[in-house]
> 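Below you will find the structure I want to go over with you.
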Amino acid sequence: MAKLKVLIVEPSGEHREAEVDNELGAFQAIVGGYIEPIYGRVGTIYVNEEGLLRSLPVNPLATLFAERVLGRQAQYPLVGTVFIVGPADTEGDDTDVRPAVVDYFTKEN
């Protein structure tokens, strides 16, 4: 199974790089449930689709990243543990998280 480099961002602000299996079950394990993508030019953030309904804690760093870097209009904050991958390739598959994204989180903390 192919591996994918991701950046996991916790609601506490802790973040870490990880290599995960590039498959749905591994993605769901990170966020603790069904996944929902938030697409952007430099990457995709995956969140728990039911995070707001389950009252997961707000993830301020991920919310700020989505607004500043991905251009997401804040209708509601991102909640729970999220992970970030690179932009989709020409076949629509996720790619490794970009080093610049990792640097962004390192400099913001």
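Owing to the predicted nature of the structure, the values given are computational and were not obtained by experimental measurement.
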> For a 4.5 angstrom cut-off between non-hydrogen side-chain atoms, does I84 reach F65?
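Yes; the side chains approach each other to less than 4.5 Å.
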> Return a table of donor-acceptor pairs under 3.5 angstrom between the side chains of residues 17-37 and protein atoms on other chains or two or more places apart.
| from | atom 1 | to | atom 2 | distance (Å) |
| --- | --- | --- | --- | --- |
| D21 | OD1 | K3 | NZ | 2.9 |
| E23 | OE1 | G25 | N | 3.0 |
| E23 | OE2 | A26 | N | 2.9 |

> Tell me, do H15 and T106 make a side-chain contact under 4.5 Å, heavy atoms counted?
yes
> Check for a donor-acceptor pair, side chain of N59 on one end and backbone N or O of G80 on the other, with a separation under 3.5 Å.
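A pair under 3.5 Å: yes.
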> Would a hydrophobic clustering, with Ile, Leu, Val, Met, Phe, Trp and Tyr connected at side-chain separations under 4.5 Å, put V47 with L7?
yes
> Determine whether Y104 and Y46 fall in the same hydrophobic cluster, where Ile, Leu, Val, Met, Phe, Trp and Tyr are linked whenever their side-chain heavy atoms lie under 4.5 Å apart.
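Hydrophobic grouping puts Y104 apart from Y46.
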> Taking T44 for its side chain and Y39 for its backbone only, find out whether a donor-acceptor pair lies under 3.5 Å.
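Checked: no pair found.
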> Is the shortest side-chain heavy-atom distance between I38 and L78 below 4.5 Å?
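Result yes, sub-4.5 Å side-chain heavy-atom pair found.
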> Give me the atom names and distance for the closest heavy-atom approach of G51 to V79.
C-CG2, 3.4 Å
> In Å, rounded to the nearest 0.5 Å, how long is the span from CG of L4 to CZ of F83?
7.5 Å
> Determine whether P87 and V42 make a side-chain contact, defined as any pair of heavy atoms from C-beta on separated by less than 4.5 Å.
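With C-beta onward as the side chain, the pair stays apart.
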> Mind checking side-chain hydrogen bond (donor to acceptor under 3.5 Å, both in side chains) for D96 and listing every partner two or more places apart, or none if nothing turns up?
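Counting only residues at least two positions away or on another chain, D96 forms no side-chain hydrogen bond (donor to acceptor under 3.5 Å, both in side chains).
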> R16: what forms a salt bridge (charged side-chain N to carboxylate O under 4.0 Å, His left out) with it, not counting sequence neighbours?
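In terms of salt bridge (charged side-chain N to carboxylate O under 4.0 Å, His left out), with neighbours along the sequence ignored, R16 is linked to E10.
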> Applying a strict under-4.5 Å side-chain criterion to I, L, V, M, F, W and Y, I'd like to know whether V97 and I45 cluster together.
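Linked, V97 and I45 end up in one cluster.
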> Transitively linked via ILVMFWY side-chain contacts under 4.5 Å: V9 with V102?
yes
